[in-house]
Engineer: 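Have a look at this one before I ask anything.
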Number of protein chains: 2
Amino acid sequence: MTLREEHVEISSPSGLNGHAPAAKAATIRDVAERAQVSVASVSRVLNGSDAITETTRRRVLDAVEYLRYVPHVGARSLSTSRTDTIGVILPDLYGEFFSELIRGMDLAARAHGKHLIVSSSHGDTEETMAALRSMRGRVDGMIVLSPHLRAANLAADVAGRTPVLVMNGGLDEGGRPSIAVDNHGGAVAAVQHLVATGRRRIAHIRGAAGNLEADIRAEGYASALDGQDPIIVEGDFTQAAGHRAATRLMALSPRPDAVFAANDMMALGAMLAFQEAGVRCPEDVAVIGFDDVPLAALVRPTLTTLRVNIAEMGRRGVERLIGLVQAGANADPDTACEIVRPALVVRQSTAAASTAGSNPDRTAASPS
Amino acid sequence: MTLREEHVEISSPSGLNGHAPAAKAATIRDVAERAQVSVASVSRVLNGSDAITETTRRRVLDAVEYLRYVPHVGARSLSTSRTDTIGVILPDLYGEFFSELIRGMDLAARAHGKHLIVSSSHGDTEETMAALRSMRGRVDGMIVLSPHLRAANLAADVAGRTPVLVMNGGLDEGGRPSIAVDNHGGAVAAVQHLVATGRRRIAHIRGAAGNLEADIRAEGYASALDGQDPIIVEGDFTQAAGHRAATRLMALSPRPDAVFAANDMMALGAMLAFQEAGVRCPEDVAVIGFDDVPLAALVRPTLTTLRVNIAEMGRRGVERLIGLVQAGANADPDTACEIVRPALVVRQSTAAASTAGSNPDRTAASPS
DNA sequence: ATAAATAATGTAATCGGTTACATGACACAG
DNA sequence: CTGTGTCATGTAACCGATTACATTATTTAT
């Protein structure tokens, strides 16, 4: 006991609501002192682990309440070497894809009492590494999204002991735990759908060069063409690129009667370009996208696409990572690559040249 | 010096890349030992504060590199009582509004070397408080978005010493540092624009009841009507609500010749409903939204709306909060309410019944 | 009644940084 | 050659939790 007087605190004049004035944050020792117990007991009550008398528990909880005590996270993490935080490194934060992903991750994280640190790297490999380094030690595990295979693997390296879950769309992860969309299968399904609805000249607007998912989708497209020669134009996943690509496709003769765009935004851009040029969709040209962003159901004609349940994927990612963290240095390294299979969602944009109708099948909330 | 032998480390057989085997994470003491300096010097080098010989600096940095040393964040935060992390509590994570906001915040955070913890509360006041409590001590400051005035104020209370920046759309923040959209001014501008383009029966589709921003926009609408009686139908910010509301408006006679929806998603829903019913936009009815989500420029007719630079708002928020954190218990409490004025973006949906054309004035990138 | 087992609580070491203060080295003036 | 000031570095206390182990109280067995 120090020299400080020990008498019971006189309820402060301003303490009308029964709270301490608290000029400085209370520590576990303050709580212990006020509850007349040891710091060990306080810790035990707060972590619900050991056997504790009901009396003690009450006393501690009252003191906690009165002092508005919140454990110091840093101190806790210092002794437990856990942070209850997981880091997410994204190539970008723009667009509905990432917002959906974060939503799913947040859901899972909350459910497990974890916190989420997000950071974007603007697609730059070097920045990805920087983000990673700065997160190291701050999180119990990380989820890294990168369109480049190399970046993701480097990441897992730099991370050292920190578990890393890779989500970069590549299936071949060299034994790293990962989750990936079946881009190949999705592309094949898209082409087959177009073929099945009678299309014969199917073009592809591909994603950014060097982007792993773009490559795989393009490859899937080419492999599914039944005899027809591939018609591929470059894109970069933006709506503007889709617009430009469609313009180039219209200049071809014979003009393609179907377009498989590597993502929805490009598909939308293409649809607008066709519309502006008086080329009717789906009558003259069918359009199919990839992702099923909410927008796909809001445009007219509504867009046929391959649905990836993005939020669900984010949820799974977090859950999987938490598993990895708990496994720790255990055996059973969970080295699997989980594959998410996109589902074909047929809407108006690929109708067989005679169907119409209105079926706004999804809605999107927006706040403010 | 302990009993452990002190001889120079034999370069490990696996250390081909010049790195330590590192079975456990290196501490500052390991670095000090390897660099043959004291922990104080290591700390000084790493924090760049004090005077340090070039020789020492090199030795330390080499050791850091070799051991892949990363300071333990918890320990650091324990002694400095800083976390270099800021928390963001959102009512929801759904939709483009929040994704844009987070994007802007991330940008600013990175620029200042801060980390971002995000969490959503699903609009529930109780959950907002829970999120807040669990973040307390984990962050240096928080940004709280809440559509309910009460929640935001409670939040600032619960936070205790942690600085809180409120962004809830309410202008009257009782002296709390805040950033808010000028919802009233925006609504007035919307109505005035409709009046100026010759509309005479202007209806309003309002946002969710109890939502502060919805209330203010509705109030602004009513106040700007020049003599005309208000025509207000309920909504909840979703596209589906806009659709339903428009259906009800079409049943009125005489039918309104203009609709001001409290956000873009409802405006889009309304436009679709009109379109399906054969009511032409803008010829028969003008539609104006609020927010300027990327989608607004992608639909046909393109949507006139009030642009709020959401990402910029997020950036400002973080910057402002960092200011608050640095000010600390200083005087000059920075109690201002910063106001963001939305800008009218005129597009096709409010053309004066004779204009047409194609002007896809914005594009949106999407990744995968 | 006493020993042994069990339950509840307390004491103090520990985690890994930062930093006030102490110490040592060195230069230069006298 | 000594004293003094400056600069670089080292020592050790401290931040606030957790938890192994020690201690005390309580129950049960004999």
Side-chain angles (χ1 to χ4, degrees), chain A residues 1-2 22 24-61 63-64 67-85 134 136-138 140 160-162, chain B residues 1-2 22 24-61 63-64 67-85 134 136-138 140 160-162:
Chain A
M1 192 58 41
T2 65
K24 261 193 106 322
T27 74
I28 197 174
R29 269 166 259 272
D30 298 330
V31 176
E33 188 172 341
R34 188 178 165 85
Q36 304 278 15
V37 297
S38 73
V39 291
S41 295
V42 175
S43 177
R44 282 190 269 257
V45 168
L46 264 43
N47 296 305
S49 51
D50 253 308
I52 285 285
T53 320
E54 189 49 34
T55 327
T56 312
R57 174 186 310 287
R58 269 261 59 81
R59 287 238 294 278
V60 169
L61 293 180
V64 165
L67 296 169
R68 294 164 169 233
Y69 169 68
V70 178
H72 188 291
V73 184
R76 174 174 280 173
S77 128
L78 183 52
S79 37
T80 61
S81 55
R82 283 183 306 105
T83 61
D84 290 327
T85 301
S134 83
R136 222 182 127 187
R138 190 179 289 269
D140 294 336
R161 262 163 311 284
T162 310
Chain B
M1 192 60 42
T2 66
K24 260 192 107 319
T27 74
I28 197 174
R29 270 165 259 270
D30 298 329
V31 175
E33 189 172 339
R34 189 176 164 85
Q36 305 278 14
V37 299
S38 73
V39 292
S41 295
V42 176
S43 179
R44 283 191 268 256
V45 168
L46 264 43
N47 297 305
S49 50
D50 251 309
I52 287 284
T53 321
E54 189 50 33
T55 325
T56 312
R57 175 187 308 285
R58 270 260 61 80
R59 286 240 292 279
V60 168
L61 292 179
V64 164
L67 296 168
R68 293 163 169 235
Y69 169 69
V70 179
H72 189 292
V73 184
R76 175 174 279 172
S77 127
L78 183 53
S79 39
T80 60
S81 56
R82 284 183 305 104
T83 62
D84 290 327
T85 301
S134 83
R136 222 183 126 188
R138 192 178 289 270
D140 294 337
R161 262 164 311 285
T162 310

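By convention in this document, chain letters (A, B, ...) are assigned in the order of the sequence lines, proteins followed by strands, and residues within each chain are numbered from 1. Only heavy atoms go into these numbers, but all of them, side chains included; no hydrogens, no water, no symmetry mates.
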Engineer: Report the distance from atom CG of Leu46(B) to atom P of dT18(C), rounded to the nearest whole Å.
Structural biologist: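 These atoms are roughly 7 Å apart.
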Engineer: Which of these passes side chain to side chain contact (heavy atoms under 4.5 Å, CB included) with Arg57(A): Ile52(A), Val37(A), Leu46(A)?
Structural biologist: Ile52(A)
Engineer: In whole angstrom, what separates Glu33(B)'s CD from dG17(C)'s P?
Structural biologist: 14 Å
Engineer: Measuring to OP1 and OP2 of dC15(C), would you say a side-chain N or O of Ser77(A) lies under 4.0 angstrom away?
Structural biologist: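 Checking dC15(C) against Ser77(A), no side-chain N or O comes under 4.0 Å of OP1 or OP2.
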Engineer: Grab the CD1-C1' distance between Ile28(B) and dC15(C) for me, whole Å please.
Structural biologist: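 Atom CD1 in Ile28(B) sits about 14 Å away from atom C1' in dC15(C).
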Engineer: With respect to the side chain of Ala51(A), which nucleotide from dA8(C), dT9(D), dT18(C) is positioned closest?
Structural biologist: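 The closest nucleotide is dA8(C).
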Engineer: What's Val73(B) touching, base or sugar-phosphate or nothing? Going by heavy atoms closer than 4.0 Å.
Structural biologist: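 Result for Val73(B) = nothing.
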Engineer: For a quick test of reading the model: is some side-chain N or O of Thr53(A) closer than 4.0 Å to OP1 or OP2 of dA7(C)?
Structural biologist: no
Engineer: Less than 4.5 Å apart, side chain to side chain, heavy atoms only: is that true for Glu54(A) and Arg58(A)?
Structural biologist: yes
Engineer: Think Thr56(B) has a side-chain N or O under 4.0 angstrom from the OP1 or OP2 of dT9(D)?
Structural biologist: yes
Engineer: Does any donor atom in the side chain of Thr85(B) or Arg138(A) lie under 3.5 Å from an acceptor atom in the other side chain?
Structural biologist: yes
Engineer: For His72(B) and for Ser38(A), locate the closest nucleotide of DNA chain C by heavy-atom distance; then report the residue assigned to the nucleotide nearer the 5' terminus.
Structural biologist: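 Its nearest nucleotide being more 5', the pick is Ser38(A).
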Engineer: CG of Asn47(B) versus P of dA8(D): gap in Å, rounded?
Structural biologist: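 Whole-Å distance recorded here is 17 Å.
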Engineer: Between Ser79(B) and dG17(C), does any side-chain N or O lie under 4.0 Å from OP1 or OP2?
Structural biologist: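 No, because none of the side-chain N or O atoms of Ser79(B) sits under 4.0 Å from OP1 or OP2 of dG17(C).
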Engineer: Can you say whether a donor on the side chain of Arg29(B) sits under 3.5 Å from an acceptor on the base of dG17(C), or the other way round?
Structural biologist: yes
Engineer: Consider the side chain of Ser43(A), meaning its heavy atoms from C-beta on, and name the nucleotide among dT9(C), dA20(C), dT18(D) that approaches it most closely.
Structural biologist: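 Closest nucleotide to the Ser43(A) side chain: dT18(D).
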Engineer: Regarding Arg59(A) and Ser41(A), is there a side-chain donor-to-acceptor distance under 3.5 Å anywhere?
Structural biologist: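 Judged by distance alone, the side chains do not pair up.
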Engineer: Send over the distance from Arg57(B) CZ to dT9(D) C1', rounded to a whole Å.
Structural biologist: 14 Å
Engineer: Nearest to the Ala75(A) side chain among dG10(D), dG16(D), dG10(C), which nucleotide is it?
Structural biologist: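 It is dG16(D).
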Engineer: Taking for each residue the nucleotide of DNA chain D with the nearest heavy atom, is it Leu78(B) or Val39(B) whose nucleotide lies nearer the 5' end?
Structural biologist: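 Mapping each residue to its closest nucleotide by heavy atoms, the 5'-most match is Val39(B).
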Engineer: Name the closest nucleotide to the Ile52(A) side chain, picking from dT18(C), dT9(C), dG10(D).
Structural biologist: dT9(C)
Engineer: Within the distance-only criterion (no hydrogens, no angle test), does the side chain of Ser43(B) pair as donor or acceptor with the backbone N or O of Val39(B) below 3.5 angstrom?
Structural biologist: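 Side chain of Ser43(B) to backbone of Val39(B), a donor-acceptor pair under 3.5 Å: no, none is there.
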Engineer: Which listed nucleotide (dT18(D), dA20(D), dG16(D)) is nearest to the side chain of Thr27(A)?
Structural biologist: dG16(D)
Engineer: Taking CZ from Arg82(A) and C1' from dT19(D), how many angstroms apart are they, rounded to a whole number?
Structural biologist: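 Value for this atom pair: 13 Å.
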Engineer: Counting N and O atoms only, with roles assigned by atom type, does the side chain of Thr53(A) sit under 3.5 Å from a partner on the main chain of Thr55(A), one being a donor and the other an acceptor?
Structural biologist: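 Answer holds: no.
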Engineer: Rounded to the Å, how far apart are Arg44(B) CZ and dA8(D) P?
Structural biologist: 10 Å
Engineer: Arg59(A) has an atom CZ; how far is it from atom C1' of dT9(C), in whole Å?
Structural biologist: 11 Å
Engineer: So, OP1 or OP2 of dT18(D): does either fall under 4.0 Å of a side-chain N or O from Thr80(A)?
Structural biologist: no
